Amino acid sequence: MTTDQNSLLNLLMLSTPVGAIGSGIGGGVELTLINVAQEMIQRGHNVKIVAPQGSKVKNVPVIEIPGEVQTPAQTQTRDQLIVLPKNSVLGNMWDYARQVQTDYDLIFNIAYDWLPLYLTPFFNIPIAHLISMGSLTDAMDSIIEQVATNFPGTIGVYTSTQAQTFTFADQCRCLGSGIDLSLYQFCAEPGESLAWLGRIAPEKALEDAVAAAQITGIPLKIFGFKQDEEYWQQICQDYSHAPIEYVGFLATEQLQQEVGKCRAILVTPRWVEAFGNVAIEALACGVPVIAYRRGGLTEIVKDGETGFLVEPDSVDGLVNAIKQLDKIDRRACRQQAEIEYSQPAMGDRTEQWFRDILVSFQQTK
Ligand code: HBI
């Protein structure tokens with residue numbers, strides 16, 4: 001019986017269709033999927049990931065699916081219609097899931113896309129949907145709400161701040177996030193530099209961190225996937241005297257080594273960031289987080305204790321916080337990550353969510 005709280009589950013996990021796992025195109029949700037998959041395997045569950053061709057995940061079997069990727073939803077306007085390319089990888093992934101569904105107890109979906117939500121009633125097994133961003137388009141809001149109503153408890157989010165961007169906030173299950181802390185080393189003695197991590201795209205507002213670096217003269221190391229090359233070139237042009245260095249998109253082992261040596265990370269989203277995985281990665285290395293008081297970051301950063309929350313869109317706010325970094329004890333940062341954002345802690349929340357969904361699915365059958 002899959003409704004037994006100790007039973008081992010067969011879990012099929014469907015990745016984001018915007019890019020291959022490991023490419024960085026899928027942002028923080030790529031990391032979330034990898035961590036959930038590895039944690040469930042550790043617990044003895046049977047896990048398979050279905051993802052676009054080219055995806056690689058350590059210790060987890062991946063079914064690679066060919067096809068055209070989906071356009072990232074955050075680049076679209078509110079009235080954007082639903083669009084699928086010819087030979088859609090999203091369509092192909094869900095066709096695969098349909099064919100193998102009898103081998104599984106539950107599907108875990110992390111795509112921020114209309115099709116999987118729409119397909120929910122067409123499947124014979126329950127689907128747990130992790131919604132990875134706040135409200136972006138009317139069409140998505142409406143289909144997510146429909147699933148929240150007809151399949152109560154199956155819509156998961158990272159944070160309540162994120163949930164509140166939807167009209168059905170109270171029907172969302174908050175899961176937070178978590179990382180494998182053994183992969184992140186505490187660094188007690190940082191160098192001089194600050195760091196900025198993330199997809200390089202307008203909604204992340206890297207330019208504000210660069211402006212703060214220019215004003216303070218403190219070097220800023222930039223890590224992440226260059227999603228929008230034009231946007232990056234514009235920043236380099238506008239802040240030609242800023243002491244910045246683009247390091248690249250690094251794997252976790254290298255990333256944590258580099259970020260650990262920094263005095264703080266700056267997190268400057270223009271949009272309601274659903275969570276902020278980069279913040280917990282930094283905390284795990286003992287690195288304080290200076291962030292705009294907006295979105296998921298407000299639920300992560302302990303103001304004055306593990307970093308600073310500053311007025312959104314205020315470069316002066318960032319500069320003032322940088323000047324006060326001596327007040328932060330780096331051990332408190334690592335400790336917060338250990339208590340709140342360990343992989344087992346996230347695994348507990350996620351596994352209970354899956355089990356609750358299985359129980360209610362059984363009852364309505
Ligand atoms: N856009 N269409 C679409 N589908 C996704 O799954 C998606 C996206 N944009 C960004 C995204 N996922 C992830 O990078 C999140 O981590 C934000």
Side-chain angles (χ1 to χ4, degrees), residues 13-37 49-52 55 65 67-85 88-94 97 107-119 127-144 147 155-159 161-163 165-166 175-179 197-205 224-228 249 267 269-281 294-297 300 346:
M13 305 194 170
L14 274 81
S15 190
T16 166
V18 294
I21 300 174
S23 69
I25 300 171
V29 83
E30 279 185 35
L31 187 63
T32 301
L33 179 67
I34 294 168
N35 290 340
V36 170
I49 290 179
V50 180
S55 295
I65 305 285
E68 297 294 319
V69 295
Q70 210 57 22
T71 301
Q74 68 274 21
T75 63
Q76 302 173 328
T77 52
R78 280 219 75 83
D79 56 358
Q80 174 68 47
L81 304 180
I82 301 305
V83 177
L84 290 169
S88 155
V89 73
L90 178 63
N92 296 344
M93 283 163 62
W94 284 85
I107 293 175
F108 177 46
N109 167 44
I110 65 155
Y112 191 100
D113 286 280
W114 182 85
L115 185 68
L117 292 148
Y118 175 79
L119 288 177
I127 304 175
H129 301 276
L130 172 64
I131 303 300
S132 68
M133 295 180 280
S135 169
L136 288 173
T137 71
D138 294 340
M140 276 301 288
D141 282 10
S142 148
I143 194 76
I144 303 169
V147 173
I155 299 297
V157 293
Y158 280 117
T159 57
T161 319
Q162 175 203 356
T165 66
F166 298 108
L175 299 162
S177 190
I179 51 177
L197 291 73
R199 277 185 300 107
I200 297 174
E203 66 272 14
K204 303 282 190 175
F225 173 69
K226 260 187 212 164
Q227 191 159 42
D228 190 332
F249 176 71
V267 192
R270 203 70 84 208
W271 70 346
V272 175
E273 185 80 41
F275 185 77
N277 270 326
V278 296
I280 63 174
E281 293 189 271
R294 174 181 277 154
L297 280 314
I300 301 172
M346 178 216 43

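Whatever order the structure lists them in is the order used to number ligands and atoms, beginning at 1. Quick caveat: nothing in here was measured; it's all calculated off a predicted structure.
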Taking only heavy atoms of [X], which atoms of ligand 1 are found under 4.0 Å from at least one of them?
X    : result
G26  : 13 (C), 14 (O), 15 (C), 16 (O)
Q74  : 8 (C), 9 (N), 10 (C)
A111 : 6 (O)
M133 : 7 (C), 8 (C), 9 (N), 10 (C), 11 (C), 17 (C)
G28  : 16 (O)

Could you tell me whether some N/O pair between [X] and ligand 1 is separated by less than 3.5 angstrom?
X    : result
W271 : no
R199 : no
A73  : yes
Y112 : yes

For [atom], what's the nearest protein heavy-atom neighbour? Residue, atom name and distance, please.
atom                    : value
atom 12 (N) of ligand 1 : T16 OG1, 3.7 Å
atom 15 (C) of ligand 1 : S132 OG, 3.4 Å
atom 4 (N) of ligand 1  : D113 OD2, 2.6 Å

Next on the checklist: Counting only heavy atoms closer than 4.0 Å, does ligand 1 sit against the backbone of E30, its side chain, both, or neither?
Outcome noted: neither
Checklist entry - So which bit of V29 gets within less than 4.0 Å of ligand 1, heavy atoms only: side chain, backbone, both or neither? => result both
Checklist outcome for this item: Closest heavy-atom pair, I21 versus A51, reported as atoms and distance to 0.1 Å, is CD1-CB, 3.7 Å
Checklist outcome for this item: Residue set satisfying side-chain hydrogen bond (donor to acceptor under 3.5 Å, both in side chains) with N109, at least two apart, ordered chain then number -> H129
Checklist entry - Taking only residues two or more places apart in sequence, or in another chain, which ones meet T161 in a side-chain hydrogen bond (donor to acceptor under 3.5 Å, both in side chains)? => result E299
Checklist entry - What do you reckon, does P17 put a non-hydrogen atom under 4.0 Å from ligand 1? => result yes
Checklist entry - Do any heavy atoms of T71 fall under 4.0 Å from ligand 1? => result yes
